Protein chains: 2
Amino acid sequence: MPRRTAADDGQPRLATIRDVAQHAGVSVATVSRILSGTYPSAPSTRAKVMRAVSELDYVANAHARGLAGVRPKSVAIVVNSVISPHYAHVAQGVQEEAAREGRLCIVGTTGGDPERELATIGLMRQEQAEAVIRVGNIVADDAYRERMASIARALARAGSQLVLCGRPPLGPDVPAIGVEYDNTAGAHAITSHLLSAGHRRILCLGRRSGYTTPDSRIAGYRAALAAHRVPHDPGLEVDGTMERGEGYRMMRERLDRGSGPRDFTAVFASNDLIAAGVRDVLRERGLRIPDDVSLVGFDDLPPAADIDLTTVHVPHEELGRIAVRLALRGETPGAAQRVLLGTHIVVRDSVRRLRGV
Amino acid sequence: MPRRTAADDGQPRLATIRDVAQHAGVSVATVSRILSGTYPSAPSTRAKVMRAVSELDYVANAHARGLAGVRPKSVAIVVNSVISPHYAHVAQGVQEEAAREGRLCIVGTTGGDPERELATIGLMRQEQAEAVIRVGNIVADDAYRERMASIARALARAGSQLVLCGRPPLGPDVPAIGVEYDNTAGAHAITSHLLSAGHRRILCLGRRSGYTTPDSRIAGYRAALAAHRVPHDPGLEVDGTMERGEGYRMMRERLDRGSGPRDFTAVFASNDLIAAGVRDVLRERGLRIPDDVSLVGFDDLPPAADIDLTTVHVPHEELGRIAVRLALRGETPGAAQRVLLGTHIVVRDSVRRLRGV
DNA sequence: ATGAAAGCGCTAACAA
DNA sequence: TTGTTAGCGCTTTCAT
């Protein structure tokens, strides 16, 4: 049976390398070689081929090419949501570094759904990305960790390097690179900052048990209290997700609850978004920052500068850049390694020094 | 030559469907059918196959599957940068709708580089995504438009639908769906808002000739002035990109320049980021909003609410959702269609009503 | 219900 | 320098 061509039916077809070869009067191998550019060829042949390519508007089929053994030069990043500034900034760093290394960057999103996360990473694995970078906190659940570990192994087998960004490592025997920043130290530092200013009753908003990021931050908060020998009042810790609306809700409920005087002088929000929500409530109630209430956050993302928030700076882009660098430089895909980046406090104008300190 | 297997060399190999078939003692066709799930099969066979799959940790190779004619269920979105809130929000909408439709969502970034844009879209085309959604303003350059048009045609030929989000259509004969929002009307409305409050000298920041989005907004600004019979002073229009730092720079230079009294009472920033930068400068100089200077923006993205900015609300997520919906619902890939979404003013607290109005 | 075999479009030996 | 051809892993007729 003769090979099917565009003329066979009314349906338009994508031009294939065979069409190009035929059009240019050469063999498919010649076309392939000329397009790959890594081969010597006669200028006249080359010209014919290039003309055929542009006339037929030919683009190599990625699937066929991948099947034939060419590993796509790409890095993949998987985030919960792309509107979260932290993820977005890390993704930015990944993208910059990937571009610098001549790699394409593919972003997959999970919407926070573990099933979709697995599906998305599976897709990246199928796509044979050189590196798969997973950003964000996770449910620190054993079954889940086991699944991630097996994904890491599968990726390693497929020749891609898994990088976990801003989440705890899966264990020394799991072939994954961890690039983290120090949540606990950051929270410790900023809580100490409040304590040094004389605050003793510090409301802590955004606890979320089982999620690594808030967990570590709360741990830092508690450690700082302990270090300063300030009694820890569990009643000052409020559960909530790390969103602006949640910050608003938590603060409002807190203020509405007590009829007496406020039982705190400062608020530690487990991220800047929460802090922004808190600020909204305070302003609505006519409470000034820092005069009436001191407020600190965590992340140093856009809202922080807008609202003059003293907060913990996290090296977001740096995280992404280093993730790519390590994944690509590593000679062995599936190597285990761990990097911990530092954080630092950015002092703006949201903390009041209490009298007598 | 016998087929190569994992035992042939020390190199680990990814399990293939053949390995699974062998392991389960069935044929590859059976494995394929069972995995696709759309075929009747004996429960015992099914069990054997599933066990082999999980033991070998098999994942179908996307390239092979794509080659064999299975169109991946995915939509692609191409943005300049993922840290830009507007793009991020549109991407969010795309992602939501794609997930709802059971599609995977791939995000490609271009960094604003036309070359990379072309390369990225080419990649999406190769990947055979059902829809390719391009978000953001473009250089309204003829050569560029011609290239996009030919890309649209190529995508249509490959069976994917191109959607242009928030950018002008390429022409009636180009097979692309356009989903836009009304920049000019929005700018007209908010400028009128200032004019109605008695402002006559309105500084306009963020002009960028040749870029569709700022161009349309500036056009709305001018149209509103004309409609109110307020003379248009080109000296009040300042060039700059739509970033916070640029807003800061433009405003500072403007304030530093004039030694006399300010020659404007209000500022129209062509987006909220610029407005945020403007606000930073004003605060540094001890100028209050809206008491000393009125300020409006455009976009209604996160910074706007933080800084109590009166601005134009753009339906970001909606844009993304509709883009996906149209692309997927359209029976003919490559259909031309156009949708224009409305905007509306969000009044906060950044405009002062001048005396005598 | 299952198997055998023909491609999908491309790359990379191997020949010429 | 160019052509021929054997796969890459999968799906899908066509047989059985």
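Residue numbers begin at 1 in each chain, while the letters A, B, ... track the order of the sequences. Everything numeric in this text was worked out from a predicted model, so none of it was measured. Side chains are part of it too, since the values below use all heavy atoms of this structure and drop only hydrogens, waters and symmetry mates.
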A.B. asks: Looking at A:E55 and A:R51, is any side-chain nitrogen of the basic one under 4.0 Å from a carboxylate oxygen of the acidic one?
C.D. replies: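 Answer for the salt bridge query: yes.
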A.B. asks: State whether A:E146 and A:R153 are salt-bridged, where the test is any N-O pair (Lys NZ or Arg NE/NH1/NH2 against Asp/Glu carboxylate O) under 4.0 Å.
C.D. replies: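 Answer for the salt bridge query: yes.
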A.B. asks: If you assign A:S41 and B:I17 each to the DNA chain D nucleotide with the nearest heavy atom, which residue ends up on the more 5' nucleotide?
C.D. replies: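 Its nearest nucleotide being more 5', the pick is A:S41.
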A.B. asks: What is the separation between atom CD on B:Q22 and atom P on D:dG9, rounded to the nearest whole Å?
C.D. replies: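 B:Q22 atom CD is separated from D:dG9 atom P by 13 Å.
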A.B. asks: Taking the minimum atom-to-atom distance to the side chain of A:A68, which one of C:dT2, D:dC10, C:dG9 wins?
C.D. replies: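 Closest nucleotide to the A:A68 side chain: C:dG9.
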A.B. asks: I need the CG-C1' distance between A:L35 and C:dA12, as an integer number of Å.
C.D. replies: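 Rounded to whole Å, this separation is 15 Å.
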A.B. asks: D:dC8 P sits how many Å from B:R18 CZ, rounded?
C.D. replies: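 It is 6 Å, rounded to the nearest whole Å.
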A.B. asks: Ignoring backbone atoms, establish whether B:S32 has a side-chain N or O less than 4.0 Å from OP1 or OP2 of D:dC10.
C.D. replies: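 So the side-chain polar atoms of B:S32 never come under 4.0 Å of the phosphate oxygens OP1 or OP2 of D:dC10.
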A.B. asks: In whole angstrom, give the distance that lies between atom CZ of B:R46 and atom P of C:dA1.
C.D. replies: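 Computing the B:R46:CZ to C:dA1:P distance gives 13 Å.
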A.B. asks: Which one, C:dA1, D:dC10, C:dG9, comes nearest to the side chain of B:T16?
C.D. replies: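 So the side chain of B:T16 is nearest to D:dC10.
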A.B. asks: Got a salt bridge between B:R147 and B:E117, using NZ or NE/NH1/NH2 to carboxylate O under 4.0 Å?
C.D. replies: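 Salt bridge: no.
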A.B. asks: Rounding to a whole Å, what distance do you find between A:R65:CZ and D:dG7:C1'?
C.D. replies: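 Checked: the CZ to C1' distance equals 17 Å.
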A.B. asks: Could you check how far CG of B:N61 sits from P of C:dC8, rounded to whole Å?
C.D. replies: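 So the CG-P distance, B:N61 to C:dC8, works out to 18 Å.
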A.B. asks: Among the candidates D:dG3, C:dA1, C:dC10, find the nucleotide nearest to the side-chain atoms of A:S27.
C.D. replies: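 Nearest nucleotide to the side chain: D:dG3.
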A.B. asks: In whole angstroms, how far is the P atom of C:dG7 from the CG atom of A:L67?
C.D. replies: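 Computing the A:L67:CG to C:dG7:P distance gives 17 Å.
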A.B. asks: Once you round to the nearest 0.5 Å, how far does OG1 of A:T30 lie from CD1 of A:I17?
C.D. replies: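 So the OG1 of A:T30 and the CD1 of A:I17 are separated by 9.5 Å.
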A.B. asks: Between the protein and nucleotides 13-16 of chain C, which nitrogen or oxygen pairs are less than 3.5 angstrom apart?
C.D. replies:
residue	atom	partner	partner atom	Å
C:dA13	N6	A:R33	NH1	3.4

A.B. asks: Would you mind telling me which residue lines up with the more 5' stretch of DNA chain D, A:I34 or A:V28, judged by nearest nucleotide?
C.D. replies: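 It is A:I34, whose closest nucleotide lies nearer the 5' terminus.
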A.B. asks: Would A:R321 and A:E101 pass as an ion pair if we require N to O under 4.0 Å?
C.D. replies: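 So A:R321 does not pair with A:E101 through a salt bridge.
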A.B. asks: Tell me if a side-chain donor or acceptor on A:D113 pairs with a main-chain N or O of A:T110 at a distance below 3.5 Å.
C.D. replies: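 Checking the backbone N and O of A:T110 against the side chain of A:D113, no donor-acceptor pair under 3.5 Å is found.
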A.B. asks: Decide if atom CZ of B:R46 counts as having more than 12 heavy atoms of other residues, nucleotides or ligands within a radius under 6.0 Å.
C.D. replies: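 At most 12 heavy atoms, drawn from other residues, nucleotides or ligands, come within 6.0 Å of this atom.
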A.B. asks: Between D:dT1, C:dA1, C:dA5, which nucleotide gets closest to the side-chain atoms of A:A42?
C.D. replies: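 From the listed options, D:dT1 comes nearest.
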A.B. asks: Round to the nearest Å and state the distance from A:K48 atom NZ to D:dT1 atom P.
C.D. replies: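 Rounded to whole Å, this separation is 15 Å.
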A.B. asks: Heavy atoms from C-beta onward define the side chain here; which of D:dT2, C:dC8, C:dC10 lies closest to that of A:A60?
C.D. replies: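 Within the option list, the nearest is C:dC10.
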